[in-house]
Protein chains: 2
Amino acid sequence: MRVAEHAGDGDLDTVLGKAVALLRAFGPEDRLLPLAELVRRTGLPKGTVHRVAGDLVHHRLLEKTDHGYRLAGGLFELGMRAATERTLLEVAMPFLQDLYERTHETVHLGVRDGTEVVYVAKIGGHRQARSPSRTGGRMPMHCTAIGKVLLAHTKPAVRAAVLSGPLPRRTPHTVVAPGLLEQQLGRALETGLAFEREESTPGLLCVAAPVLDTDGASALAAISVTGPVGRFRPEAHQNAVRAAATALASTLARRPGGL
Amino acid sequence: MRVAEHAGDGDLDTVLGKAVALLRAFGPEDRLLPLAELVRRTGLPKGTVHRVAGDLVHHRLLEKTDHGYRLAGGLFELGMRAATERTLLEVAMPFLQDLYERTHETVHLGVRDGTEVVYVAKIGGHRQARSPSRTGGRMPMHCTAIGKVLLAHTKPAVRAAVLSGPLPRRTPHTVVAPGLLEQQLGRALETGLAFEREESTPGLLCVAAPVLDTDGASALAAISVTGPVGRFRPEAHQNAVRAAATALASTLARRPGGL
DNA sequence: ACCGGGCGTTCCACTCAGCGGTACGCTGTG
DNA sequence: CACAGCGTACCGCTGAGTGGAACGCCCGGT
């Protein structure tokens with residue numbers, strides 16, 4: 001039973017709040033959702049859902065088929081205009097490509113939003129390991145390499161917030177002890193690298209490096225390489241990841257107006 | 001002077017219409033837009049723009065900075081959940097990567113929407129030619145290889161609509177005679193390939209192939225490789241492009257529920 | 001075959017969310 | 001200094017939006 005993500009602290013009293021609730025009722029893996037399911041997920045009255053969905057269809061944010069609604073291409077187009085993500089993606093693409101060619105493992109670019117990682121890009125080939133990450137998707141920071149490196153290179157308040165909050169266990173390897181995580185973050189800060197050893201997903205290893213801002217201390221983004229246990233050795237790629245992140249950072253630094 | 005894209009035939013009488021007008025006031029290259037510019041582009045009263053923008057900020061669809069508003073990451077995240085684009089991107093990625101590695105030129109994945117191409121992916125490296133295409137962006141079909149191949153493999157009504165409408169000249173090489181374009185489309189249909197020779201952008205050449213649907217006739221999408229005049233020879237890559245498109249088509253055909 | 005549950009669509013009297021003109025303080029420029 | 005332009009806040013008014021109810025259709029179970 002999936003309930004729509006908070007449209008914005010429950011304000012289903014406004015048209016916009018309802019529309020956003022409807023859009024956010026679609027999960028990352030959903031294809032078509034019938035009207036009745038949208039009603040269940042939003043808790044809005046049927047007539048309202050029907051009307052707002054119809055309006056969203058009119059505005060090309062939803063698409064209606066015989067079997068239900070789905071998020072429309074107009075939303076994809078709008079989403080790809082988000083200035084920060086768009087720019088980062090465009091500038092980072094060549095570096096991500098190089099890294100992919102060098103490793104032939106899954107390459108990720110991510111940013112921090114609040115206390116989570118948001119993936120801006122995911123590049124993989126035919127032999128990519130099955131990873132639950134998704135462009136535009138989110139993961140916790142404490143159990144992902146990319147998240148740890150972002151956490152290590154961000155404001156202490158954010159770090160404290162994550163360390164003092166729950167560190168949900170996702171696998172038997174997840175580090176759930178704040179002390180242990182803090183040590184990992186310290187090491188990430190020293191070395192400019194973080195590793196992930198089946199902490200978020202069984203069978204997956206990862207190494208990540210920060211894309212530093214012009215202050216040289218905080219991370220704008222991070223780049224990682226992920227591969228499967230057995231074949232993948234994170235240490236073997238750490239220099240390539242670090243080089244890519246450093247090169248991207250310096251390219252971004254040279255841009256007028258920054259990100 | 002840029003006016004916001006039609007929110008949906010001018011319905012600025014509704015909250016949703018206004019919100020969408022505001023979001024679509026941001027162009028593909030815009031970074032920050034101050035409130036006054038949003039007022040100018042939408043034609044909405046200042047107080048209304050201020051209020052709706054504030055609501056959109058609240059819902060993480062816009063972001064407010066000292067110097068103006070920009071489309072927010074929440075919109076990027078929503079956009080990346082669009083089912084059709086998301087699926088296509090995910091399934092196509094390995095094929096696009098292979099093609100990039102083989103050519104080291106810019107690789108595009110596009111779909112048809114109405115009488116335009118919408119780019120779903122753009123993959124390029126450090127030496128990529130300067131191309132105006134953009135993920136989530138649109139181009140006319142008549143002067144792009146990817147557009148021509150989509151046009152050749154779609155319903156005759158669409159083809160007729162494009163051929164009977166204006167074929168705007170974008171470069172001295174743009175084909176603006178319907179008869180000539182029709183011949184190119186015929187050839188694209190026979191050969192399963194279309195070429196672009198500086199028709200959309202001076203200095204750019206391109207070859208594209210359709211990703212056919214299970215009916216073997218209509219195109220779900222198309223893949224292209226683009227490079228600069230002088231270095232790039234489209235004919236040299238035509239087999240690789242066709243192979244990638246064919247492989248992708250067959251992978252999509254094997255998916256339960258299709259796209 | 002019949003029944004009931006669930007689906008999607010439509011309607012309309014009512015109401016409060018949304019509206020935008022106005023006022024104000026601030027900033028930058030000539 | 002004056003003025004234009006900016007962004008923010010306010011509030012009486014009203015019509016856009018509401019959602020309960022009704023209806024027809026479909027499907028699965030007995």
Side-chain angles (χ1 to χ4, degrees), chain A residues 1-4 6-26 30-72 83 257, chain B residues 1-4 6-26 30-72 83 257:
Chain A
M1 172 55 195
R2 178 187 155 81
V3 177
H6 48 156
D9 306 311
D11 61 339
L12 302 179
D13 300 328
T14 65
V15 173
L16 194 53
K18 291 181 177 73
V20 170
L22 222 48
L23 294 176
R24 290 200 167 115
F26 289 81
D30 288 327
R31 304 294 314 289
L32 293 171
L33 291 183
L35 188 78
E37 183 61 25
L38 292 175
V39 169
R40 276 188 292 272
R41 293 187 180 189
T42 57
L44 290 165
K46 188 160 50 166
T48 300
V49 172
H50 186 259
R51 182 169 32 80
V52 175
D55 291 340
L56 288 168
V57 166
H58 177 64
H59 290 293
R60 293 194 306 123
L61 300 184
L62 279 188
E63 192 181 351
K64 188 182 198 284
T65 71
D66 287 345
H67 302 290
Y69 295 89
R70 64 187 166 204
L71 296 179
Chain B
M1 171 55 197
R2 178 189 155 81
V3 176
H6 47 157
D9 305 310
D11 61 338
L12 301 178
D13 301 327
T14 65
V15 172
L16 193 53
K18 289 181 176 75
V20 170
L22 222 48
L23 293 176
R24 290 203 168 113
F26 289 81
D30 289 326
R31 303 294 314 289
L32 293 171
L33 291 182
L35 188 78
E37 183 61 25
L38 292 174
V39 170
R40 277 189 290 272
R41 294 188 180 189
T42 57
L44 290 165
K46 187 163 47 167
T48 300
V49 173
H50 186 259
R51 182 169 34 81
V52 177
D55 290 342
L56 288 167
V57 166
H58 176 65
H59 290 295
R60 292 193 306 124
L61 301 182
L62 279 190
E63 192 181 353
K64 187 181 198 290
T65 71
D66 287 345
H67 302 290
Y69 294 89
R70 63 187 168 205
L71 297 178

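Below, chain A is the first sequence line, B the second, and so on; all start at residue 1.
Distance from the side chain of T48(B) is smallest for dG20(C) among the nucleotides dG8(C), dG20(C), dG19(D). Distance from the side chain of A36(B) is smallest for dG7(D) among the nucleotides dG7(D), dT18(D), dG19(D). Closest contact between the side chain of V15(A) and the listed nucleotides dC6(D), dG19(D), dG17(D) involves dG17(D). In the set dG17(D), dC19(C), dG18(C), dG17(D) carries the atom at the smallest distance from any side-chain atom of R51(A). Candidate nucleotides dT18(D), dG18(C), dT8(D) were compared by shortest atom distance to the side chain of K64(B), and dT8(D) ranks first.
Between D55(B) atom CG and dA9(D) atom P the separation is 13 Å, expressed in whole Å. The nearest whole Å value for the distance from the CG atom in D13(A) to the C1' atom in dG19(D) is 14 Å. Distance, D11(A) CG to dA17(C) C1': 12 Å, rounded to whole Å. Separating the NZ atom of K18(A) from the P atom of dA16(D) is a distance of 16 Å, rounded to the nearest angstrom. Summarising the geometry, the separation between CG on L56(B) and P on dG18(C) is reported as 12 Å, rounded to the nearest angstrom. If you measure from atom CG of L44(B) to atom P of dG18(C), you get 15 Å, rounded to the nearest angstrom. As a whole-Å value, the separation of L16(A) CG from dT18(D) C1' is 17 Å. The distance between atom CG of L22(B) and atom P of dC19(C), rounded to the nearest whole Å, is 11 Å.
Of all heavy-atom pairs between F26(B) and R70(B), the closest is CE2-CA, 3.6 Å.
Residue L33(B) forms a side-chain contact (heavy atoms from CB on, under 4.5 Å) with just one option from V39(B), L22(B), L38(B), L71(B), and that option is L38(B).
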In sequence, state the C-alpha distance, the side-chain angles, and the governing distance for K18(A) and T42(A), and then conclude on side-chain contact (heavy atoms from CB on, under 4.5 Å).
CA-CA 8 Å; K18(A) 291 181 177 73; T42(A) 57; over 6 Å; no

Give the intermediate values and the outcome of side-chain contact (heavy atoms from CB on, under 4.5 Å) for residues T65(A) and L32(A).
CA-CA 8 Å; T65(A) 71; L32(A) 293 171; 3.5 Å; yes

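Regarding contacts with the backbone of dG8(C), every side-chain N or O of H50(A) stays at 4.0 angstrom or more from both OP1 and OP2. For dG5(D), the OP1/OP2 oxygens have no side-chain nitrogen or oxygen of R40(B) closer than 4.0 Å.
The closest side-chain heavy-atom distance from H58(A) to L16(B) is not below 4.5 Å. Between V15(A) and V52(A), every side-chain heavy-atom pair lies at or beyond the 4.5 Å cut-off. A heavy-atom distance below 4.5 Å is found between the side chains of L61(B) and V20(A).
At a cut-off of 3.5 angstrom, the base of dG19(D) holds no donor-acceptor pair with the side chain of K46(A).
Rotation axes derived from the C1' atoms of the five outermost pairs at either end of the helix from dA1(C)-dT30(D) to dG30(C)-dC1(D) lie 40° apart, to the nearest 10°.
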